[in-house]
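See structure below.
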Amino acid sequence: MNKEVFNELYHGFETAYINGAVASNVFYKPQFVSNNYREGKKVLSYIEDELLTCDHFQISVAFITMGGVTPLLQTLKELEKRGIAGEILTTNYLNFSEPEALYKLHSLKNIILKMYDVEKGNDAFHTKGYIFKKEEIYHIMIGSSNMTSAALTCNKEWNAKLVSTDRGEIVKEVLEEFWQLWKSDCTLEYDDFIDVYEERYRIIKKQRKIARQEPIPSLEKYLLQPNDMQVGFIRNLRQIIKSGEKRALLISATGTGKTYASAFAMRELGFKRVLFLVHRGQLARQTKQSYERVFGSDVSMGLVGAGYHEYDKNYVFATIQTLNRKRHLTNYKPDDFDCIILDEAHHSSADTYQKVMNYVSGK
């Protein structure tokens with residue numbers, strides 16, 4: 001480090017930490033970065049300025065939305081033209097980041113985008129850090145601002161701008177943490193995460209909308225979201241149907257959520273009328289309750305069996321002991337159902353199941 005840079009850093013630290021009346025170069029001065037509309041201050045403006053003057057950048061934030069990306073796009077495209085590269089690390093924590101925003105960032109040739117999988121890592125991820133390098137000097141903003149519109153422009157956000165040379169202890173610790181997360185086995189390349197993340201994001205968004213429509217919103221219903229197996233099943237089932245196949249089999253261990261997997265799949269694939277066959281009345285009731293948590297009030301659901309005869313509902317949960325009898329089965333036309341689900345599929349070779357399967361044929 002030459003003497004001039006040393007003196008600039010000294011005066012910048014003196015202004016920031018000892019005497020605010022001391023004049024110093026803002027480039028070398030640590031700062032408090034926040035939004036204050038009365039003074040015209042925005043975190044966004046600080047990030048834009050840093051991006052336009054850096055020669056490399058790294059960002060690690062939990063949440064990214066179009067509202068946060070859009071005002072930065074012109075700046076990021078300018079960096080793309082100039083060949084200024086950067087790495088951006090985000091997460092599937094709470095499934096909050098918007099797929100469209102991730103597409104935009106990935107489309108820029110100078111940016112590598114990765115996602116930390118909190119389920120795989122079995123931990124939360126809530127970092128908010130922006131790292132800008134200019135020759136031997138690092139500016140690091142760490143605080144509370146995600147890459148969202150509110151966080152960058154109007155929320156009460158507290159961030160600290162740290163200034164250091166590339167030999168400083170803080171820089172080394174921050175970069176070590178960033179690269180540790182970046183290279184983690186729990187961190188996914190864009191092509192490895194985007195399809196599954198987009199599917200899950202869409203399902204959760206729809207689920208929360210349904211939960212809010214109830215007269216008394218259900219927290220249980222609002223928080224319900226598909227796990228990895230369920231998302232994978234839905235994507236695979238969509239492909240199976242698209243290829244023209246008429247049947248599919250889901251094999252998954254007890255307790256992994258096969259019932260919810262089927263419910264999310266029926267909703268996402270848009271089936272209007274469904275028959276769900278089980279071998280016990282208690283299972284029919286439990287399955288109906290699970291489906292009611294996934295669907296809104298627009299879909300009527302009923303039981304056939306265990307003393308119930310609710311034939312005319314959109315979604316029918318029936319026991320095989322009841323439905324295989326002619327007086328119950330003939331309440332339906334063979335093509336009444338869009339889809340038929342057989343619970344515990346190994347039972348399907350039994351005569352009772354075969355009788356129903358030979359009569360009804362899901363579209």
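We count residues from 1, following the sequence as given. Predicted model, so just to flag it, every value in this text is computed and none were measured.
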Within 6.0 angstrom of [X] [atom1], more than 12 heavy atoms from elsewhere:
X: Glu119; atom1: CD; value: yes
X: Phe32; atom1: CZ; value: yes
X: Trp158; atom1: CH2; value: no
X: Lys41; atom1: NZ; value: yes
X: Lys134; atom1: NZ; value: yes

Under 3.5 Å: donor-acceptor pair, side chain of [X], backbone of [Y]:
X: Glu136; Y: Asp166; result: no
X: Ser60; Y: Thr127; result: no
X: Lys133; Y: His56; result: no
X: Asp117; Y: Thr91; result: no
X: Lys161; Y: Lys29; result: yes
X: Arg267; Y: Val294; result: yes
X: Arg82; Y: Leu52; result: yes
X: Gln58; Y: Phe178; result: no
X: Asn358; Y: Lys355; result: no
X: Asn92; Y: Tyr197; result: no

Can you tell me how far the [atom1] atom of [X] sits from the [atom2] atom of [Y], to the nearest 0.5 Å?
X: Ile137; Y: Thr165; atom1: CD1; atom2: OG1; value: 6.0 Å
X: Thr75; Y: Leu51; atom1: OG1; atom2: CG; value: 6.5 Å
X: Ser107; Y: Leu102; atom1: OG; atom2: CG; value: 11.0 Å
X: Leu152; Y: Lys42; atom1: CG; atom2: NZ; value: 10.0 Å
X: Leu269; Y: Ile234; atom1: CG; atom2: CD1; value: 7.5 Å
X: Ile210; Y: Leu224; atom1: CD1; atom2: CG; value: 10.0 Å

Practice problem: Go through the steps to decide whether Glu199 and Ile203 satisfy the test side-chain contact (heavy atoms from CB on, under 4.5 Å), and finish with yes or no. | Solution: CA-CA 6 Å; Glu199 185 85 58; Ile203 293 170; 4.1 Å; yes
Self-check item: Of Phe337, Phe295, Phe271, the residue whose pairing with Tyr315 passes ring pair (Phe, Tyr, Trp, His ring centres under 6.0 Å)
Solution: Phe295
Practice problem: Mind jotting down which residue pairs meet the side chain to side chain donor-acceptor pair (under 3.5 Å) criterion with at least one end in residues 2-23? Sequence neighbours excluded, please. | Solution: Thr15-Ser24
Quiz prompt | Test side-chain contact (heavy atoms from CB on, under 4.5 Å) applied to Tyr138 and Ile170, step by step | solution = CA-CA 10 Å; Tyr138 276 90; Ile170 289 179; over 6 Å; no
Quiz item: Going by the angle between their ring planes, with limits at 30° and 60°, are Tyr93 and His126 parallel, tilted or perpendicular?
Solution: perpendicular
Quiz item: His309 vs His328 aromatic rings, parallel, tilted or perpendicular, using cut-offs 30° and 60°?
Solution: parallel
Are [X] and [Y] grouped together when hydrophobic residues (ILVMFWY) are joined by side-chain heavy atoms under 4.5 angstrom apart?
X: Val196; Y: Met229; value: no
X: Ile88; Y: Phe63; value: no
X: Leu175; Y: Leu162; value: yes
X: Tyr291; Y: Phe264; value: yes
X: Ile84; Y: Leu105; value: yes

Exercise. Sequence neighbours left out, what passes salt bridge (charged side-chain N to carboxylate O under 4.0 Å, His left out) with Lys258? Give chain and number order.
Key: none
Quiz item: With sequence neighbours left out, what residues match Lys128 under salt bridge (charged side-chain N to carboxylate O under 4.0 Å, His left out)?
Solution: none
Show me the donor-acceptor pairs, under 3.5 Å and distance only, between side chains in residues 276-289 and residues at least two apart or in other chains.
unit_1: Thr287; atom_1: OG1; unit_2: Leu283; atom_2: O; d: 2.7
unit_1: Lys288; atom_1: NZ; unit_2: Glu292; atom_2: OE2; d: 2.7

Would you say the side chain of [Y] lies within less than 4.5 Å of the side chain of [X], judging by non-hydrogen atoms?
X: Val174; Y: Ile142; result: yes
X: Thr148; Y: Phe96; result: yes
X: Glu169; Y: Lys172; result: no
X: Gln321; Y: Thr352; result: no
X: Val360; Y: Asp336; result: no

Quiz item: So Gln225 and Gln207, side-chain contact (heavy atoms from CB on, under 4.5 Å) or not? Walk me through it.
Solution: CA-CA 8 Å; Gln225 56 183 269; Gln207 182 66 29; over 6 Å; no
Quiz item: Can you list the residues that meet the ring pair (Phe, Tyr, Trp, His ring centres under 6.0 Å) rule with Phe193, with sequence neighbours excluded?
Solution: Tyr190
Self-check item: Non-neighbouring partners of Phe125 that pass ring pair (Phe, Tyr, Trp, His ring centres under 6.0 Å), sequence neighbours left out
Solution: Tyr116
Which atom pair, heavy atoms only, marks the closest approach of [X] to [Y]?
X: Ser145; Y: Asn159; value: OG-ND2, 2.9 Å
X: Phe13; Y: Val163; value: CZ-O, 3.5 Å
X: Leu237; Y: Ala265; value: CD2-CB, 4.0 Å
X: Thr319; Y: Gly305; value: OG1-CA, 3.7 Å
X: Phe132; Y: Cys54; value: CB-CB, 4.0 Å
X: Asn146; Y: Ala62; value: OD1-N, 3.1 Å

Quiz item: Does the gap between the ring centers of Tyr130 and Tyr46 come in under 6.0 Å?
Solution: no
Side chains of [X] and [Y] only: does a donor on one sit below 3.5 Å from an acceptor on the other?
X: Tyr103; Y: Glu198; value: yes
X: Thr65; Y: Glu98; value: no
X: Tyr359; Y: Thr330; value: no

Quiz item: Charged N to carboxylate O below 4.0 Å: is that the case for Glu268 and Lys206?
Solution: yes
Exercise. Answer yes or no: is there an ion pair linking Glu87 with Lys114, defined by an N-O contact shorter than 4.0 Å?
Key: no
Quiz item: Step by step, would you call Val43 with Met141 a side-chain contact (heavy atoms from CB on, under 4.5 Å)?
Solution: CA-CA 10 Å; Val43 176; Met141 188 186 83; 3.7 Å; yes
